[in-house]
Amino acid sequence: MTVDGCVFCEIAAGERPAHVVLDDEVAAAFLDTRPVFKGHVLVVPRGHVETLPDLPAEEVGPFFARVQAVARAVEAGAGAAGTFVAMNNRISQSVPHLHVHVVPRNRKDGLRGFFWPRVKYDGDAEIEDYAARIRAALDEPAGDGPGETAPGPP
């Protein structure tokens, strides 16, 4: 299924120009127009889904097999020592269509760790509280929207 006005659906359908590097029945992959580094590729599922939790379970393996293949190809094609593979779900997701960033990496390339600050837990009790809430959410059926399977932070 494609969604009218979705840039990534249009690229996957061949209706919008892009520098496509992979195109099959499962996914499309193309160069990012605003790359972190040259060779930065976006991998999108062919059908429109907004986030990873929306991707049907039977499609996760085939989709991530394409992400894996693109990661290998980016290293080889861009002459990179490795890759940074990442995705956003809703927050910071510039296009509301699931997409995985595969960014070529080399030592001393200027990218410093993650793009966000780190925080510390207020001790073992808080760590266990978060772990317990996440474990409980894994045991519950998925909800229909964000935050419906587990309460937010205290």
Side-chain angles (χ1 to χ4, degrees), residues 1-121 127 130-131 133-135 137-147 149-150:
M1 173 183 90
T2 61
V3 171
D4 286 339
C6 174
V7 173
F8 292 167
C9 283
E10 291 172 1
I11 291 171
E15 298 167 357
R16 179 182 286 258
H19 297 279
V20 176
V21 298
L22 177 141
D23 184 17
D24 68 14
E25 70 284 352
V26 172
F30 45 90
L31 293 178
D32 193 315
T33 59
R34 294 179 33 219
V36 174
F37 296 118
K38 294 174 183 175
H40 177 167
V41 172
L42 301 177
V43 185
V44 304
R46 181 152 300 286
H48 185 85
V49 295
E50 289 191 14
T51 66
L52 182 59
D54 300 326
L55 188 64
E58 65 275 6
E59 295 178 27
V60 172
F63 178 70
F64 277 95
R66 276 38 174 213
V67 173
Q68 182 183 51
V70 168
R72 282 190 195 111
V74 165
E75 283 186 29
T83 57
F84 176 72
V85 178
M87 82 172 63
N88 294 300
N89 283 300
R90 292 186 189 90
I91 308 302
S92 296
Q93 191 177 13
S94 58
V95 175
H97 184 127
L98 174 65
H99 55 286
V100 177
H101 296 261
V102 180
V103 180
R105 293 293 314 273
N106 288 293
R107 295 208 186 281
K108 299 183 181 184
D109 60 15
L111 191 61
R112 297 179 49 105
F114 292 102
F115 304 115
W116 52 83
R118 300 298 184 111
V119 298
K120 291 184 178 183
Y121 290 102
I127 293 171
Y130 271 84
R133 290 179 16 215
I134 293 168
R135 281 192 297 267
L138 284 168
D139 293 335
E140 295 176 12
D144 291 329
T149 59

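Both backbone and side-chain heavy atoms feed into the values below; hydrogens, waters and symmetry mates do not.
With sequence neighbours excluded, the residues forming a side chain to side chain donor-acceptor pair (under 3.5 Å) with Asp24 are Arg66, listed by chain and number.
Of the possible donor and acceptor atoms, none in the side chain of Arg107 sits under 3.5 Å from a partner among the backbone N and O of Ala81. Side chain of Asn89 to backbone of Leu52: a donor-acceptor contact under 3.5 angstrom is found.
Taking every heavy atom of both residues into account, Arg105 and Leu111 meet most closely at NH2-O, 3.1 Å. Arg46 approaches Ala28 most closely through the heavy-atom pair NH2-CB, 4.2 Å. Smallest separation of non-hydrogen atoms from Ala80 and Pro104: CB-CB, 3.7 Å. Contact detail for Thr51 and Arg90: the closest heavy-atom pair is CG2-CG, 3.8 Å. Taking both residues in full, the closest heavy atoms of Ala27 and Leu22 are given as O-CD2, 3.4 Å, listed atom of the first, atom of the second, then distance. Counting all heavy atoms, side chain and backbone alike, Pro35 lies closest to Asp32 at CD-O, 3.5 Å.
Residues Val44 and Phe30 form a side-chain contact, since some pair of their non-hydrogen atoms from C-beta on lies under 4.5 Å apart. A heavy-atom distance below 4.5 Å is found between the side chains of Val41 and Leu31.
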Open item on the list: Show, in sequence, the C-alpha distance, side-chain angles and deciding distance for Phe63 and Val100, and conclude whether the side chain to side chain contact (heavy atoms under 4.5 Å, CB included) test is met.
Closed with: CA-CA 10 Å; Phe63 178 70; Val100 177; 3.7 Å; yes
Open item on the list: Evaluate Phe37 against Val74 for side chain to side chain contact (heavy atoms under 4.5 Å, CB included), listing each step before the verdict.
Closed with: CA-CA 11 Å; Phe37 296 118; Val74 165; over 6 Å; no
TODO: Show the numbers, then the answer: is there a side chain to side chain contact (heavy atoms under 4.5 Å, CB included) between His101 and His40?
DONE: CA-CA 7 Å; His101 296 261; His40 177 167; 2.8 Å; yes
Task: Test side chain to side chain contact (heavy atoms under 4.5 Å, CB included) applied to His99 and Val43, step by step - done: CA-CA 5 Å; His99 55 286; Val43 185; over 6 Å; no
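Of the listed residues (Glu50, His97, His48), just one forms a side chain to side chain contact (heavy atoms under 4.5 Å, CB included) with Val3, and that residue is His48.
Taken from OG1 in Thr83 to CG in Asn106, the straight-line distance is 11.0 Å, to the nearest 0.5 Å. The CD1 atom of Ile127 lies 11.5 Å from the NZ atom of Lys120; values are rounded to the nearest 0.5 Å.
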Review item, side-chain donor-acceptor pairs of residues 4-13, under 3.5 Å, at least two apart:
from	atom 1	to	atom 2	distance (Å)
Glu10	OE1	Arg16	NE	2.9
Glu10	OE1	Arg16	NH2	2.9

